[in-house]
Amino acid sequence: MAVTKETLESIARAGKPRARWLQATYDFARQRPLGAIGAMMILVMVLVALTANWLAPYDALTTDYGAMLSAPNAQHWLGTDTFGRDVYSRMVFGSRTALIVGLGASFIGATFGALIGVASAYFGGRIDMIVQRIMDVLISFPLIILALAVVAILGTGLQNVIFAIAIPMIPRCARVVRSSALAVREMPYVDAARAAGFTDARIVLRHMLPNVMAPYLIMLTAFLGQAILLEASLSFLGLGVQEPVAAWGLMLRGAAIEFAETAPWMGFFPGLAISLAVFGFNLFGDSLRDALDPRLRTQ
Amino acid sequence: MMKQLVGFLAVVAGALFAIPLQAQTPQYGGELVFTVPSEPPSYDGPREQTFGLIHPIAPHYNTLLRVDPTDPTGTKPIGDIAESWTESSDHLTFTFKLRRGVKFHDGDEMTSKDVKASYDKIIFPPEGVASVRKATYLVVKEVEAPDPYTIRFKLKWPSGAFLQSLASPWNFIYKADILAKDMHWYESHIMGTGPFTFVEHVKGSHWVGKKNPNYWDKGKPYLDGYRALFVRSHSAQVAAVRGERSLTQFRSFTPADKEALTNAMGDKIKFQESAWDCILLVAINHTKKPFDDKRVRRALSLALDRWSAAETLSKIAIVKDVAGIQVPGTPWATPPEELKKLTGYWPDIDKSRAEARRLLKEAGVPEGFTFTFYNRGTPMPYEPLAIWLIDQWRQVGLNVKQQVVEAAAYYGTVLRKPDAFDVAMDFQCGYIVEPDLDIYKFISHDKNDDNYGYYTDRVLDELYEKQSRATDAAERTRYLRQFERRLLDEEAHYLMTLQWHRIIPQNARVHGWQITPSHYLNNQLDTVWLSK
């Protein structure tokens, strides 16, 4: 029997007492360098958000009218806004808002979507048909339009924005997860659970849901970038989080537009932060999808 | 030689004087194109409150009196279709003589019958007919038309501000015959006596008027017509002026716009500036704890560094002067030195904030006390002022969150519902600087639905009545000062932010228009002309 390269690598790996997660990370980085770059960008963002109190030289809310519209300088590395607030400090604290909204909305949207998708596949028949038609209706609205409608009903503010972004994500995740759950439903262990008299809820939550984790995780990471972008869009439109909270989208609106010619730093840096964050999440999400779902592999 | 020299000097001198003279002589022709950042909800002046109606529609109408279009204070009433008037010795009867030869756009002559019908609709509207300024004419007992060219107003009590209220730019003179047939006709049609006739209204796009060739004021208007472009986007409005697609905008631009346009257009653009009879107020809900305690309300006012804000915020927003209950610089306004004695207006901000902290502590409000400040979803100047207010309150240990509500829903869902808010942004905008009209808002809620502090203060009500009936200027000033002290200092029922500041851009070709403190005034366009 010929010894393949993979076999040798696996023997070599087995010889080293490297932790499984570390090995997985290493493999992921080696096989998907773009995904690794994305992951690094996300990691930096998370670290910045966690250590904002130490990294930011100024309080994000403190005004200094003597330093209004200062260009980047030694005291204010990225300049100040119309209220003399330090742009760098507000960006650092803004990463916290972006992550809270991004993670919150993605988690709620993907989780509820997965639950609905699995339940819909499990029950099938008329229930499945009705649920899927409702999902069709919801999916027919562009993400931003549905989010705007939800904000119009719920009002502005951090919590409402999380819900407003999460709701349009639910049908998208439900649709993808359902397709995987349809296959899982036919598995013998689901029949066995049913034969053993387990309740529907137990079968859905304990036996089917854990087996659709791959599409769930893919959707979750894909949603993260979208959620950050959507939060910035809503805030830019004045419908997201509200001043004086530090948020990237908020930093782009109002005075940043009005003073775009004389104080471009007010809009440039937050815009760059949004772009990099979304880019990072998209790179990581795409690579994770390729790794977890071979059918969608692009290479 | 001497003759030639004298001749030469005469020609040079003549040319030098002739240039400015020629520049000031009105020229005929041209279409004035301007942007309007709103749109008329209906065409009926007495029914509406938005400049979105006044700017495109006022040129089609006359009013009984108007504010002198050359008066920068915007306080002097002059006759429009009224030629002259007399006031009885008991100050209870005003008799107006109307101009002859004033014709509606359909050719019919305007008489006192039309004026009476128009004012009856405003003051005594029948059931189902809206008249939003009806309350400002409570003083009127009766309107009479004794002959075709005389109109008489009989009052219940003497009013020092009655003439000013008749100069309201909203009180269009309508045709009596039309009103007799259908009181709602003017909500969707135009038929006036004004300098311009109606051509078309394309919703969401534009409004066009053309010169009235039979206008009673011979020689006017100068323009062939006008075109109002409905443009909500502020940046699009600025771009339109910059590209000379629009020649002006009659509401206001911001200081940043002024700087950008000046840099881009040089001497092709000019600006007129004025204090603006508009101010954002902080409504403190007296039905909610701890805001029912005047110590807390005074602390909210003491936290504000108004004098410093007047210098800094004016660079980024359309606000400027520190104000009491009247537009600074106008006849009834309190001078700054006197204003500085009121709570919240002290020049020493450290002392002021120390007092604010003491009052909050005394009232049992803990450090870090949290409340939500409701704001209207209109960016300028609501947003910068809200950021400023929240920052100022933060500096006396209050933790304030902002909740922005969509502009159209704001009054219905927040201010008009006493259970819905603690502290909220409110707004006051007048068409003429006149205490009766400007401070009416602050009398007790049971007398005035527009008071969103939801308080009852009979002392204020009494002072309002006294100043309104005072015929002596010094006496009226005294009552107004007492009213101001009671409202802003002793009780701190409402908080004033900063007076708005109007910046009107005008293409260098536009002449004959004078800025006033109100964006509801001087929109008949009869005096406006364009240089070639």
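Here is how names work: the chains are called A, B, and so on, in the same order as the sequence lines, proteins then strands, and each is numbered from 1. Small disclaimer: the values here were computed from a predicted structure and weren't measured.
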With heavy-atom distances below 4.5 Å as the criterion, would you say the side chains of [X] and [Y] are in contact?
| X | Y | result |
| --- | --- | --- |
| F259(A) | I316(B) | yes |
| I387(B) | Q242(A) | no |
| F83(A) | T312(B) | no |

Within 6.0 angstrom of [X] [atom1], more than 12 heavy atoms from elsewhere:
| X | atom1 | result |
| --- | --- | --- |
| D267(B) | CG | no |
| F271(B) | CZ | yes |
| F163(A) | CZ | no |
| E273(B) | CD | yes |
| W77(A) | CH2 | no |
| F427(B) | CZ | yes |
| K401(B) | NZ | no |

When rounded to the nearest 0.5 angstrom, what is the spacing between CD in Q392(B) and OG1 in T63(A)?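 With rounding to 0.5 Å, CD (Q392(B)) is 7.0 Å from OG1 (T63(A)).
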Roughly how far, to the nearest 0.5 Å, is CG of L69(A) from NZ of K315(B)?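 The distance works out to 9.0 Å.
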Looking at V400(B), D391(B), N263(B), which makes the most heavy-atom pairs under 4.5 Å with chain A?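 Heavy-atom pairs under 4.5 Å are most numerous for D391(B).
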Pick from P384(B), A386(B), S308(B), S235(B) with the largest number of heavy-atom pairs that fall under 4.5 Å of chain A: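 When all of P384(B), A386(B), S308(B), S235(B) are compared, P384(B) has the most.
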Measure E406(B) against the heavy atoms of chain A and call it side chain, backbone, both or neither at under 4.5 Å.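 Contact with chain A: none, neither part.
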Are any of the side-chain nitrogens in R394(B) or D59(A) under 4.0 Å away from the carboxylate oxygens of its partner?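 Salt bridge flag = yes for D59(A) with R394(B).
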So, T262(A) versus E259(B): side-chain donor-acceptor pair below 3.5 Å or not?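 On atom types as modelled, these side chains do not qualify, holding no pair under 3.5 Å.
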Provide the closest heavy-atom pair for R242(B) versus E261(A) in the form atom of the first, atom of the second, distance.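 That would be NH2-OE2, 3.5 Å.
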